[in-house]
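Structure first, then comments.
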Number of protein chains: 2
Amino acid sequence: MIATAAETVEPAAAPEKELPVRDRAQTQGRIFQAGRALLAEGGFQAFGVNAVARKAGCDKQLIYRYFGGLDGLVDAIGEDLAGWVTQHVPEDQGGRFLLTYGDLMERLAELYADALRADPLMRRILVWELSESSPHIARMADARAKGIAQWIERMRGSLTPPKGADTVALNAVIIAAVQQLVMAAETSGSFAGLPLKSQKDWGRAVSAVARMARAAYA
Amino acid sequence: MIATAAETVEPAAAPEKELPVRDRAQTQGRIFQAGRALLAEGGFQAFGVNAVARKAGCDKQLIYRYFGGLDGLVDAIGEDLAGWVTQHVPEDQGGRFLLTYGDLMERLAELYADALRADPLMRRILVWELSESSPHIARMADARAKGIAQWIERMRGSLTPPKGADTVALNAVIIAAVQQLVMAAETSGSFAGLPLKSQKDWGRAVSAVARMARAAYA
DNA sequence: CGGCCTATTCACCAGCGGGTGACTTTACCC
DNA sequence: GGGTAAAGTCACCCGCTGGTGAATAGGCCG
């Protein structure tokens, strides 16, 4: 059999099968990334010791050794995501001026939607949170809630909501709507008759949320 | 060993283990109900041929025979739920007068939230819809969307939304918020800092949604 | 009684999941 | 060089899952 270009063996390095690197930190990192990727791609259903090990290209035993099992791995991923809101929802106001508290929440809804739409992993975790309740998951949700509260506090400046407005409840409703729409978009591409595929669809959705936010805080 | 009261055998009937009824319709019904119950209690994760058979107290083979497998059972449950909105979201206006389109949507939000909060099965299915996309699930979501649209159409009377309002998008946002809050309430008991346990908490949430609905359609 | 149809169960398979103990291989250090 | 500890792999075990083909048990009818 004549060796084709693809079959020729590289003279210096033979990258055909990455043999074990024997570097704990790196292997640990590969397991971690495999876990993240698996979670992002298939959700918590596709998440298991065997699957992670397969994807990381190492023995599952290492997951137990380095992370103390799946729970530990989840914890690690969760901790890594603790500052997600701060890292993914920008605080500069991109040239827009926020004149009212309603404008502020409108902007938050828009930025939050963008951030979620761009992050499959976080979307999967949102779904996970609804499917079961475990300490890890609860912690992640808490961290997100705190992050959002901080965002508002930092961006608020001197803006204040109108008297008598239940900001906690109103903001929760806004965030809830955004999350639900983003999640539904992924799996079904629409929600309650509203298509959620194209960028244009999203424009529609976001401006509806924006309208409600502005109106509620008027 | 002296027989205790619990161990004594009933003279007439021995209900200790309900022996097979040999009634296809009834067995079919038991499987159906077992499926519903399992789904309602543990969500789609707890849903499997073996689990259903165990709960129904019969052999799993019967699930294949009578429903053509799990998919068929899901279909049956789904079909049964096709008219859910119509059946669970009342159309009488309970003494209240709906003066504006905003009032109408406010009322829908309230009734829809109540209906969902009272129905564990439907809540689980909502979560399921976000977790994976399959034909069955898509059909259920469609049916619900249609049901809601019908509700609005029937209750609307002569009420009309203000010109320029994107009703489809605005209504989707309202429904989305309600759904997300109900689901989050079940698993974590709160959402984005808003507690969702007591009836009072729900009053807060619902009036926030209501305020937004009214304001958006003002 | 015998025969038949049907509801129901049984026994079994292959596959995959989590989990663990013992083994091999490599690097490093004296 | 030898030795030791860490990195990595292997070979299992167990329990459960989905799925199937054959056997059984009970009612009904002639």
Side-chain angles (χ1 to χ4, degrees), chain A residues 13-35 37-39 41-77 128 131-132 134-137, chain B residues 13-35 37-39 41-77 128 131-132 134-137:
Chain A
E16 159 194 54
K17 190 117 189 183
E18 306 184 25
L19 61 160
V21 260
R22 229 159 180 83
D23 173 346
R24 173 164 178 159
Q26 180 177 331
T27 305
Q28 220 162 335
R30 284 173 48 168
I31 293 173
F32 182 82
Q33 291 305 336
L38 226 47
L39 219 45
E41 289 158 18
F44 60 101
Q45 300 178 72
F47 193 69
V49 189
N50 296 299
V52 171
R54 223 172 303 147
K55 183 135 197 154
C58 69
D59 197 275
K60 57 181 169 184
Q61 175 73 13
L62 298 184
I63 298 174
Y64 292 99
R65 271 226 242 302
Y66 298 158
F67 292 92
L70 263 193
D71 281 5
L73 182 54
V74 171
D75 266 342
I77 295 177
W128 198 0
S131 303
E132 55 178 298
S134 81
H136 319 116
I137 299 180
Chain B
E16 158 192 53
K17 191 114 188 182
E18 306 183 27
L19 63 159
V21 262
R22 229 164 180 80
D23 173 345
R24 173 165 177 161
Q26 180 177 332
T27 305
Q28 220 162 335
R30 283 173 49 169
I31 293 173
F32 182 82
Q33 290 304 336
L38 226 48
L39 219 46
E41 289 157 18
F44 61 101
Q45 300 179 72
F47 194 70
V49 189
N50 296 298
V52 171
R54 224 172 303 149
K55 182 136 199 154
C58 69
D59 196 275
K60 58 180 169 183
Q61 175 73 10
L62 298 184
I63 298 174
Y64 292 99
R65 271 228 231 302
Y66 297 159
F67 293 91
L70 262 194
D71 281 5
L73 182 53
V74 171
D75 266 342
I77 295 176
W128 199 0
S131 303
E132 55 178 297
S134 79
H136 317 120
I137 300 182

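Lettering of chains follows the sequences in order, A, B, ..., and the numbering in each one begins at 1.
A close approach under 4.0 Å does not occur between any side-chain nitrogen or oxygen of B/Tyr64 and OP1 or OP2 of D/dT20. Remark: A/Asn50 is not in phosphate contact with C/dC16, judged by side-chain N or O atoms under 4.0 Å from OP1 or OP2. Taking only side-chain nitrogens and oxygens, A/Arg30 never comes nearer than 4.0 Å to OP1 or OP2 of D/dG8.
When every heavy atom of A/Ala46 is checked against every heavy atom of A/Ala51, the shortest pair comes out as O-CB, 3.6 Å. Counting all heavy atoms, side chain and backbone alike, A/Ala56 lies closest to A/Ile31 at CB-CA, 3.9 Å. Nearest heavy atom pair, residue B/Leu38 against residue B/Val52, reads CD2-N, 3.5 Å.
Nucleotide D/dG18 holds its P atom 14 Å from the CZ atom of B/Phe44, rounded to whole Å. In this structure, A/Leu73 places its CG atom 16 Å from C1' of C/dG19, rounding to the nearest Å. Atom CZ of A/Arg54 is separated from atom P of C/dG18 by 9 Å (rounded to the nearest Å). Note: CG (B/Leu70) to P (D/dT20) measures 12 Å, nearest angstrom. If you take CD1 of B/Ile63 and P of D/dT20, they are 13 Å apart, rounded to a whole angstrom. At whole-Å resolution of the value, NZ in B/Lys55 and C1' in D/dT17 are 19 Å apart.
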Nucleotide N/O of nucleotides 5-8 of chain C paired with protein N/O under 3.5 Å:
| residue | atom | partner | partner atom | Å |
| --- | --- | --- | --- | --- |
| C/dA7 | N3 | B/Arg22 | NH2 | 2.9 |
| C/dT8 | OP1 | B/Arg22 | N | 3.1 |
| C/dT8 | OP1 | B/Asp23 | N | 3.3 |
| C/dT8 | OP1 | B/Thr27 | OG1 | 2.6 |
| C/dT8 | OP2 | B/Thr27 | OG1 | 3.0 |
| C/dT8 | OP2 | B/Tyr66 | OH | 2.9 |
| C/dT8 | O4 | B/Arg65 | NH2 | 2.5 |

Under 3.5 Å, which N/O atoms of the protein pair with N/O atoms of nucleotides 28-30 of chain C?
none

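Counting only residues at least two apart or in different chains, side chain to side chain donor-acceptor pair (under 3.5 Å) contacts with residues 43-63 of chain B comprise B/Glu41-B/Lys55, B/Asn50-B/Lys60.
To the nearest 0.5 Å, atom SG of residue B/Cys58 and atom CZ of residue B/Arg65 are 11.5 Å apart. In this structure, CD in B/Gln28 is found 11.5 Å from CD1 in B/Ile63, a value given to the nearest 0.5 Å. In this structure, CD1 on B/Ile137 lies 8.0 Å from CZ on B/Phe44, to the nearest 0.5 angstrom.
Side-chain contact between B/Val74 and B/Trp128 is present, with heavy atoms from C-beta onward closer than 4.5 Å.
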Step-by-step side-chain contact (heavy atoms from CB on, under 4.5 Å) determination, A/Tyr66 to A/Phe32: CA-CA 10 Å; A/Tyr66 298 158; A/Phe32 182 82; over 6 Å; no
